[in-house]
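Input: a single structure, listed below in structure tokens.
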Amino acid sequence: MLRSCIGGGTLRSLCVRRLTRSALSSTKAQFSSAPTRYLQPPASADRVPLRKQLKEEAKALRSHKRQRKETEEASREEWELTVGVEIHAQLDTETKLFSRAATSISDIPNSNVALFDLAFPGSQPAFQIATLLPALRAAIALNCEIQRVSRFDRKHYFYQDQPAGYQITQYYEPFARNGYVDLFDYDGIAPEDGERIRIDIKQLQLEQDTAKSQEYRGSRQLLDFNRVSHPLVEIITMPQIHTPATAAACVRKLQAILLSCGAVTTGMEMGGLRADVNVSVRRRGEAPGQYQYDGISGLGQRTEIKNLSSFKAVEDAIIAEKNRQIEVLESGGVVEGETRGWTIGSTETRRLRGKEGSVDYRYMPDPDIPPLVIGEDLLSSLRASIPTAPDTVLTLLVGSEFNLPIEDAKPLIELDNGARLEYYHDVVDILRTLQVDQDDKTRAGLTRVASNWVLHELGALLAKADQAWDAETVPARSLAHLIDHLQRKLITGPTAKLVLTTIFDGDQRPVPQLLEEENLLLRPLSREEYLALAESVIALNPQMVEQIRSKKQLGKLGWFVGQMMRNGEKGRVEALKAEEVLRELILR
Ligand SMILES: Nc1ncnc2c1ncn2[C@@H]1O[C@H](COP(=O)(O)OP(=O)(O)OP(=O)(O)O)[C@@H](O)[C@H]1O
Ligand SMILES: [Mg+2]
Ligand SMILES: [Mg+2]
């Protein structure tokens, strides 16, 4: 740890030493682990030299991508793709939907299971009212009309992960209808969808999750009933999406909204959210297709790809399924309504089963569960407490108060479930107080400087250490003090980065104390010292000076600045002042 090396010498020299040593050992490691084919001559004449092989592979990949793009464009002109998405998200609740068993997923398998969850004969459902709160927050955040009365239904199918032989869901009378989600260009929608597209949401329904199956030694299945009856919200979009990229953007946005309104705590990466995509194609020139869905007619036959667990899988599976359907239709075949699966890294969807018509599920109202009646007072208190929507936060961050580029505003909102944004606000607040004596222009620029440090400098350290976000690793106060010192030119940029690394590695001293004790505060060079330094680098490079003077190659001044920083005492030469003196000496 860096902290332990501080005692024996100056922080700067020790860090350089530490870096050199670790750089050397990593170089060594690279060499020792390099495949032997680098070091040995080719064993036989037909072995292609590696560089050539890599070049050919890169060329093949480029041509494959080009071909895929061309096929995509050609097929887009001829075929219309339609996609509707169903999202299943695990609600942030302490209990299951109809029992008081805990929802914790980290406990040992089959430890959180009530009799009703296992469908023991005679056990009865006891609806847990608290599970409704995150569901309602989701419905409000998705602009839905909340139904004052809704009911639960049984959807029958037989599978090992469903002990009752039916799933309790809301088929006939869901608790929320007619919502929408707006997707913007910055959400990553396809260019042909323009700056904004609105996707209507047909309904939100409460339902039970299934048990988790796990394959065991190939032929057996292990079942963990901890997940069974975990409260889920199913969100169903209308078939209004026409590109794979927009479908992926839609799932990403729905996840962001659910996280930000506190309906869920985990996203796709942790298995807390799964997506099913429904895909159909239709030849543009031909008569409308014979299928319809909730008032939208003229559609092609849909297939459904179940259980997608990443945004990339959503996009890739839709591309593959669209291409498969086009191929079937172009060769005179018929697309069958079926459920299909997708394996990550694959290029094709695979048939799982023919799609049962809704009749086969034998939907029926659950006779054991009374209707859900939602009061206006509950709704208005939830509406008042719902956090600001991500789009509104984004507008604020790119607006005049924060003036951030969209490329910074988006990750600030999305990273670490909002914790990064909270930290950023803390840094800005403290920084504004520290810089209260500065002029308006400097103070206005603080928001951008802070986002650069929070996202890029701190982000790079986290990435390098492969470490998860923790606001205490570098306390907001420390980062604000560091930026304050830098803004006041009390330290140089490289020193600020070095100190950030030191704190990141565990040094807990307050920044002013650390800078003082390690002698890192900038002791500005005098004018005479700048002049002497500039003269020495000028004297060593007369030709360059001549080029700058005669050909007006002012860009070369930067090279001289670099020389001055290298030759001068580390951390004491300021680039702007160096350039000022150089201009004076060379261009006068
Ligand atoms: N022809 C079509 N092409 C593309 N998408 C479609 C088409 N018809 C319906 N969809 C989409 O399919 C989805 C249907 O979801 P819904 O939950 O209503 O039925 P389901 O898939 O039979 O139900 P579940 O999978 O929950 O048993 C919606 O997202 C809808 O937009
Ligand atoms: Mg559905
Ligand atoms: Mg479905």
Side-chain angles (χ1 to χ4, degrees), residues 79-89 142 144 152-159 161-162 166-181 197-210 232-244 246-248 250-251 254 273-284 286 288-308 314 317-319 321-322 324-326 328-329 334-342 349 352-364:
W79 294 91
E80 183 186 60
L81 165 76
T82 298
V83 177
V85 178
E86 294 162 81
I87 301 280
H88 300 266
L142 292 171
C144 291
F152 287 98
D153 307 295
R154 293 180 180 182
K155 173 184 177 182
H156 295 83
Y157 66 90
F158 298 96
Y159 201 65
D161 61 11
Q162 183 59 269
Y166 60 82
Q167 177 194 29
I168 303 177
T169 179
Q170 295 193 301
Y171 182 70
Y172 296 108
E173 291 180 67
F175 78 98
R177 294 182 198 268
N178 303 333
Y180 63 85
V181 56
I197 177 173
R198 177 166 289 186
I199 307 297
D200 290 319
I201 290 168
K202 178 176 178 257
Q203 67 188 53
L204 260 62
Q205 62 204 38
L206 268 168
E207 59 186 39
Q208 300 171 295
D209 206 346
T210 53
L232 293 181
V233 65
E234 176 170 340
I235 302 168
I236 305 173
T237 79
M238 294 297 283
Q240 291 170 330
I241 303 171
H242 298 288
T243 58
T246 299
C250 180
V251 177
L254 288 172
L273 194 134
R274 287 159 276 155
D276 302 340
V277 292
N278 297 268
V279 178
S280 67
V281 298
R282 188 181 76 83
R283 213 189 275 269
R284 288 186 196 273
E286 283 182 356
Q290 64 189 87
Y291 296 92
Q292 67 90 35
Y293 181 80
D294 199 46
I296 298 191
S297 53
L299 298 169
Q301 167 70 62
R302 75 164 156 137
T303 59
E304 176 166 4
I305 307 150
K306 288 266 191 200
N307 259 329
L308 298 170
V314 167
I318 294 173
I319 294 173
E321 180 57 13
K322 178 189 85 162
R324 186 193 71 86
Q325 291 187 9
I326 293 175
V328 169
L329 293 172
V334 183
V335 173
E336 283 179 34
E338 56 191 8
T339 302
R340 301 183 67 88
W342 172 258
T349 60
L352 294 177
R353 56 183 180 270
K355 174 87 187 170
E356 306 92 319
S358 52
V359 172
D360 289 342
Y361 286 130
R362 295 184 294 119
Y363 280 105
M364 58 170 273

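Start at 1 and go down the list; that is how both ligands and their atoms are numbered. In this chain, numbering begins with 1 at the start of the sequence shown.
Excluding waters, the set of protein N, O or S atoms lying under 2.8 Å from the Mg ion (ligand 2) comprises E86 OE1, E234 OE2.
Residue E304 approaches the Mg ion (ligand 3) most closely through its N/O/S atom OE2.
Looking only at atom types and distance, the side chain of R340 has a donor-acceptor partner in the side chain of T349 under 3.5 Å away. For the residue pair Q205/E234, the side-chain donor-acceptor check at 3.5 Å is satisfied.
The backbone N or O of L299 lies less than 3.5 Å from no partner atom in the side chain of Q292, so there is not a single donor-acceptor pair. Counting only distance, with no hydrogens or angles, the side chain of E207 and the backbone of I168 share no donor-acceptor pair below 3.5 Å. Judged by distance alone, with hydrogens and angles left aside, the side-chain atoms of T82 form no donor-acceptor pair with the main-chain N or O of P239 at under 3.5 Å.
When the side-chain hydrogen bond (donor to acceptor under 3.5 Å, both in side chains) test is applied to T246, the partners found at least two apart in sequence or on another chain are D193, T243. With sequence neighbours left out, E86 forms a side-chain hydrogen bond (donor to acceptor under 3.5 Å, both in side chains) with N278. Among residues two or more places apart in sequence or in another chain, the side-chain hydrogen bond (donor to acceptor under 3.5 Å, both in side chains) test is passed with Q325 by T303, E321.
Heavy-atom distances between Q292 and ligand 1 stay at or above 4.0 Å for every pair. In this structure, I236 counts as a contact residue of ligand 1, since one of its heavy atoms falls inside 4.0 Å of the ligand. Ligand 1 has at least one atom lying under 4.0 Å from a heavy atom of K155. Using a 4.0 angstrom heavy-atom cutoff, Q301 does not count as in contact with ligand 1.
Applying the 4.0 Å criterion to heavy atoms of Y361 picks out, from ligand 1, the atoms 27 (O). Which parts of ligand 1 touch T82 is read off a 4.0 Å heavy-atom cut-off, strictly below it: atoms 4 (C). Near G84, with a cut-off below 4.0 Å to any heavy atom, the atoms of ligand 1 are 5 (N), 11 (C), 29 (O), 31 (O).
Under the 4.0 Å criterion applied to side-chain N and carboxylate O atoms, R284 and E286 are not assigned as salt-bridge partners. Ion pairing between a basic and an acidic side chain is recognised when a charged N comes within 4.0 Å of a carboxylate O; R324 and E338 show such pairing.
Contact annotation: for H88 versus ligand 1, there are no heavy atoms closer than 4.0 Å. Contact annotation for V85 and ligand 1: only backbone heavy atoms (N, CA, C, O) come within less than 4.0 Å of the ligand. The backbone and the side chain of N278 each have at least one atom closer than 4.0 Å to an atom of ligand 1 (non-hydrogen atoms only).
Atom CG of residue L273 and atom CD1 of residue I87 lie 5.0 Å apart, to the nearest 0.5 angstrom.
At a 3.5 angstrom cut-off on N or O pairs, S280 counts as close to ligand 1. Residue-to-ligand polar distances place P239 within reach of ligand 1: an N/O pair is separated by less than 3.5 Å. Residue G300 has at least one N or O atom closer than 3.5 Å to an N or O atom of ligand 1. Considering both main-chain and side-chain atoms, K306 comes within under 3.5 Å of ligand 1 through a nitrogen or oxygen pair. For the pair E304 and ligand 1, the shortest N or O to N or O distance falls below 3.5 Å.
Residue R302 holds the heavy atom nearest to atom 22 (O) of ligand 1 of all those in R302, E86, M238.
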- Query: Would Q170 and D153 count as a side chain to side chain donor-acceptor pair (under 3.5 Å) if you check the C-alpha gap in whole Å, the side-chain angles of each, and the deciding distance to 0.1 Å?
  - Reply: CA-CA 5 Å; Q170 295 193 301; D153 307 295; over 6 Å; no
- Message: Does R177 form a salt bridge (Lys or Arg N to Asp or Glu O under 4.0 Å) with D200? I'd like the steps, not just the answer.
- Response: CA-CA 10 Å; R177 294 182 198 268; D200 290 319; over 6 Å; no
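Geometric assessment of K155 against the ring of Y361 yields a positive cation-pi assignment under the 6.0 Å and 45° thresholds.
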